[in-house]
Number of protein chains: 2
Amino acid sequence: MAELRSKPPAPADDGDAANFCSTCVFGTVCAAHDVDKIALSELHFLVEHIGPFRAGSHIFRTGEPFKAIYAVRSGVVKTVYAGSAGREYIAGFHLPGEVIGLAAIHEQRFPCDAIAVDTAYLCRFEFRTLATLTTRLPQVQAELFRLLSKDIGSATVLAGEPAADERLAAFLLGLSRRLAARGFSARVFRLPMVRRDIANHLNLAPETVSRVLRRLHDQGWIRVLDRQIELLRPDELARLAGALLPVPQVRR
Amino acid sequence: MAELRSKPPAPADDGDAANFCSTCVFGTVCAAHDVDKIALSELHFLVEHIGPFRAGSHIFRTGEPFKAIYAVRSGVVKTVYAGSAGREYIAGFHLPGEVIGLAAIHEQRFPCDAIAVDTAYLCRFEFRTLATLTTRLPQVQAELFRLLSKDIGSATVLAGEPAADERLAAFLLGLSRRLAARGFSARVFRLPMVRRDIANHLNLAPETVSRVLRRLHDQGWIRVLDRQIELLRPDELARLAGALLPVPQVRR
DNA sequence: CCCAGGGCTTGACCTGGATCAATGCATGCC
DNA sequence: GGCATGCATTGATCCAGGTCAAGCCCTGGG
């Protein structure tokens, strides 16, 4: 498994006056031809590059007043909800190009913590300004609607209380596909988070994660070396995951 | 328990040229003073009243192209996702004033079925028209953002995989509060759905729902007669539910 | 160098809730 | 009326995964 990338990818490009970061969620807007150029430059102007956040440090905290949404530029960020009895629940891991903070619009406070899993850089979008801008940039409004809508179903994945194997298969495959959509290898990748976090996110005990990984390995469907993962039989994993994960998104 | 309402509430009011239905999600928009009256009348014009849908009939189906969002006017509607292996999962029950279909924006197809639980009337909002309108009506845009954002966290409730008792407590209390927010009794109400649906929604077996209801009853916290429910100790239920249900919303 | 601490794995045991099965009780249909 | 159907409840059994415990390996610090 020497071919595995052992270090995180090179620092994200920062975009320039004319173009946003290549991974940016608003990339499509930027690429469109009929966009009001002045408004577009305003959108660009409103973006604030922030970071680095070291592993474990907060981007925002539960209860903080909602001021902005954030797009991950590089690194990985987890969103953590406080559960009952001091437990916490990791709702998701967010890769470069993904947006966090949208759930805060409703109550105007963040309902969860956002914590860097490894060193992370983000883009910050002041929300009031963004919302004003969208009245002049219908494409951006549409994109925002899309982003919000996308997040609605996301938690539904665990809803059927699938078996541990199905959860893990869906998790690995989902990660693989999201990485692939951002230009990384779909077959071979590195888990950025510790087992405990995977377990928490999937509502399993860390021990169970270990056991299932071993089971999948013994069946010859994956190779595991520490946090390095190789998917040998994504087809079998997909069969296992069943309807859990979204359609093999042909994004954009 | 003779005081229990044994029939569903009177038919919802239909609003008039100047005001929307009293339960309508866009009620606040309507009440605002500084709204562009012409645009507002357009919003009203765009609403289409549909129904009745008899119990079991579809408002929309999984995979259908997304054309509109819907607000429940009266009755109760469930949203059902197809799970793996032919199972289905009930993501939520939607009361009058609540909006369904928002999750379809992302893929431009409905990701779930919407099925009437009892006789239901709805309002239909053509989405393209609505989205165009929002560029002139910032309040409506903000309301849409709020609605979308609200739905993001909703599935997170089951995320911690709480015990059966906690789930049921949270479910009953949540229902009670949502009903109260719409002017019904918070203490005494009628479950509109069968046990099987409750079980499915909470990821429990119907037998477990029965047993837990009995347990809560034996502790003197609720009274159950068929689908009639009386909450005797909402405080205890809230303690049980813990952090599962949202803060006792002071809505708007 | 040794040691401490954390992440990961593996084994042994236990339990909450699923599953299977039977019964009671409505409602609707012929 | 008599029967079928479907909902609800209760009892008996089973198992997936949680919990507890032990051991391994790696890294970093004194």
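So that the names make sense, note that chain A is the first sequence line, chain B the second, and so on, each numbered from 1.
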Rounded to the nearest Å, what distance is computed from the CG atom of residue A:L225 to the P atom of nucleotide D:dC24?
20 Å
Whether A:R196 contacts C:dG7 is assessed here as follows: a side-chain N or O lying under 4.0 Å from the phosphate OP1 or OP2. Is that the case?
yes
How long is the line joining CE of B:M193 and P of D:dC7, in whole Å?
14 Å
With hydrogens left out and only the distance checked, is there a donor-acceptor pair under 3.5 Å joining A:R227's side chain and the base of C:dG7?
no
Are any of B:R214's side-chain N or O atoms less than 4.0 Å away from OP1 or OP2 of D:dT10?
yes
What is the distance from CG of B:N200 to P of D:dC7, rounded to the nearest Å?
13 Å
For atom CD1 of B:I198 and atom C1' of D:dT9, their distance in whole Å:
14 Å
Salt bridge between A:E98 and A:R178, side-chain N to carboxylate O under 4.0 Å?
yes
Write down the distance between CG (A:D197) and P (C:dG6), rounded to a whole number of angstrom.
15 Å
On the nucleotide C:dG17, are OP1 or OP2 found under 4.0 Å from the side-chain N or O atoms that B:T208 carries?
no
Hey, does B:L204 reach any base, or is it just sugar-phosphate, or nothing, if we go heavy atoms under 4.0 Å?
sugar-phosphate
Would you mind telling me which of C:dG11, C:dG17, D:dT9 lies closest to the side-chain atoms of A:E207?
C:dG11
Donor-acceptor pair (no angle test) under 3.5 Å: A:R211 side chain, D:dT19 base
yes
Between D:dG18, D:dA8, D:dT19, which nucleotide gets closest to the side-chain atoms of B:R195?
D:dA8
As a test of reading the structure: which of C:dT9, D:dA8, D:dA12 is closest to the side chain of B:S210, going by heavy atoms?
D:dA8
Closer than 4.0 angstrom, basic N to acidic O: yes or no for A:R239 and A:E236?
yes
Answer yes or no: is there a side-chain heavy-atom contact under 4.5 Å between A:D165 and A:R215?
yes
Counting side-chain heavy atoms from CB outward, which of D:dG18, D:dG17, C:dG17 is closest to A:A164?
D:dG17
Over all strands shown, is B:N203 touching base, sugar-phosphate only, or nothing at heavy-atom distances under 4.0 angstrom?
sugar-phosphate
State which of D:dC7, C:dT19, D:dT19 makes the closest approach to the side chain of A:A205.
D:dT19
Salt bridge or not between B:D218 and B:R214? Use side-chain N to carboxylate O under 4.0 Å.
yes
Rounded to the Å, how far apart are B:Q228 CD and D:dA8 P?
13 Å
Taking the ring of B:Y70 and the ring of B:F60, is the distance between their centroids below 6.0 Å?
yes
Measure the distance from CG on A:D226 to C1' on C:dT9 and round it to the nearest whole Å.
12 Å
Whole-Å distance between C:dG7 C1' and A:L213 CG?
14 Å
